[in-house]
Amino acid sequence: MRILLVEDDPSLASGIRLALKPEHYTVDILDDGQAALVTLRGDEPFDAVILDLGLPRLDGIAVLEHLRRAGNRVPVLVLTARDGIDDRIQGLDSGADDYLTKPFEVAELKARLRALLRRSQGHASSVIHFRGIELDPGTRRVSFRGEPVQLSRREFTLLQEFLSHPGRVFTRDTLTRLVYGWDEDVESNAIEVHVHHLRRKLAPELIRTLRGIGYVMDKPPRDGGE
């Protein structure tokens, strides 16, 4: 899952990214509201946004209002020191999906983020079941036909993206940004290598290559399987 963190306190932003890294989130950071709005209006693929309200250039409430007026439904978790009831009401009414006040416990941030992503994908449970695969984001465990499968952090992230969006065609560039974000140097064949490993560890037919386009994990037929 790729997260956009909009926070102008560099120490807090770095701490959140470090805390979320073991959860297999790819976290990109921006420190002002105007840059966040421009980015979210573009074609960058984000699964959720963690948004501070007291931002330079453009306040977080304004970012929310602009996004929702434009029809952007990306899940947004507001993270702010504004803890008054009127502030919480304003944030939620402006389009936030959840609201967490500072200071906060990292465990609660992780739990709220998991719940936010689960709701946005229409899952009652965070555990994903698909064609014999079981993936649990909370424990970071994967099994195939009842047998545990060991995946690297990148492989897990890639598999979770495919499982969360069956039928969606991903270009290689999109997958690179989802798995690595903005800040890492990436080998040109990195995604191909990860896909190869997933096919070998799970099933060769799991992920289909669309030559010249990218990859897709096909939805199961309407009358077949889970």
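Worth saying up front: this structure is predicted, and the values here are computed from it rather than measured.
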With a 4.5 Å heavy-atom cut-off, do Pro45 and Arg177 have their side chains touching? yes
State yes or no: do Leu159 and Val169 share one hydrophobic cluster built from I, L, V, M, F, W and Y residues joined by side-chain heavy-atom distances below 4.5 Å, directly or via other members? no
Lys21 and Val27, any side-chain heavy atoms less than 4.5 Å apart: no
Should Leu100 and Ile50 be regarded as members of a common hydrophobic cluster, given that ILVMFWY residues are connected when their side-chain heavy atoms come within less than 4.5 Å of each other, either directly or indirectly? yes
Could you point out which residue of Val106, Leu113, Leu5, Thr26 forms a side chain to side chain contact (heavy atoms under 4.5 Å, CB included) with Leu20? Leu113
Distance-minimising heavy-atom pair for Arg199 and Ile207: NH2-O, 2.7 Å
Does the Asp8 side chain pair with the main chain of Pro56, one donor and one acceptor, at a distance under 3.5 Å? no
Can you check whether Arg2 reaches Thr157 side chain to side chain, under 4.5 Å on heavy atoms? no
Between Thr171 (side chain only) and Gly214 (backbone N and O only), is there a donor and an acceptor less than 3.5 Å apart? no
Does the Arg140 side chain pair with the main chain of Pro22, one donor and one acceptor, at a distance under 3.5 Å? yes
From CG (Leu151) to CG (Leu198), nearest 0.5 Å: 6.0 Å
Under the criterion side chain to side chain contact (heavy atoms under 4.5 Å, CB included), I'd like the reasoning laid out for Val142 against Phe144: C-alpha separation, chi angles, the key distance, then a yes or no. CA-CA 7 Å; Val142 175; Phe144 181 55; 5.9 Å; no
Could you measure the distance from the CG atom of Leu163 to the CZ atom of Phe156? Nearest 0.5 Å is fine. 9.0 Å
Could you state the interatomic distance from CD (Glu7) to CG (Leu51), rounded to the nearest 0.5 Å? 9.5 Å
So that I can tick it off, tell me whether Arg141 and Glu134 are bridged by a salt bridge, with the cut-off set at under 4.0 angstrom between side-chain N and carboxylate O. no
Using only atom types and a distance under 3.5 Å, with no angle test, would you say the side chain of Arg154 pairs donor to acceptor with the backbone of Val179? yes
For the side chain of Asp97 and the backbone of Val76, is there at least one donor-acceptor N/O pair under 3.5 Å apart? yes
Side chains of Tyr215 and Glu192: does their closest heavy-atom pair fall under 4.5 Å? yes
Should Glu155 and Val149 count as side-chain neighbours, where that means a heavy-atom distance under 4.5 Å? no
Less than 6.0 angstrom separating the ring centers of Phe162 and Phe130, yes or no? no
Got a salt bridge between Glu161 and Arg168, using NZ or NE/NH1/NH2 to carboxylate O under 4.0 Å? no
Mind checking whether Asp87 and Tyr99 have side chains closer than 4.5 Å, heavy atoms only? yes
Can you tell me if Arg131 uses its side chain to pair, donor with acceptor, with the backbone of Leu206 under 3.5 Å? no
If hydrophobic clusters are built by linking Ile, Leu, Val, Met, Phe, Trp and Tyr wherever their side-chain heavy atoms come under 4.5 Å apart, do Val216 and Val195 end up in the same one? no
Looking only at atom types and distance, does a side-chain atom of Asp32 sit under 3.5 Å from a main-chain N or O of Ala35, one as donor and one as acceptor? yes
Mind checking whether Leu158 and Leu178 have side chains closer than 4.5 Å, heavy atoms only? no
Rounded to the nearest 0.5 Å, how far does CG of Asp43 lie from OG1 of Thr174? 7.5 Å
Drop me the distance from Asp28's CG to Arg17's CZ, to the nearest 0.5 angstrom. 6.5 Å
Taking NZ, NE, NH1 and NH2 as the nitrogens, is one of them in Asp52 or Lys102 under 4.0 Å from a carboxylate oxygen of the other? yes
Euclidean distance, Leu117 CG relative to Ser164 OG, rounded to 0.5 Å: 8.0 Å
Whether Ser94 side chain and Glu65 backbone form a donor-acceptor pair below 3.5 Å: no
Considering only heavy atoms from C-beta outward, does the side chain of Leu109 approach that of Leu77 to under 4.5 Å? yes
Aromatic ring pairing Phe170/His165, orientation class (parallel under 30°, perpendicular over 60°, tilted between): perpendicular
Ignoring hydrogens and geometry, is there a side-chain-to-backbone donor-acceptor pair from Arg68 to Asn72 under 3.5 Å? yes
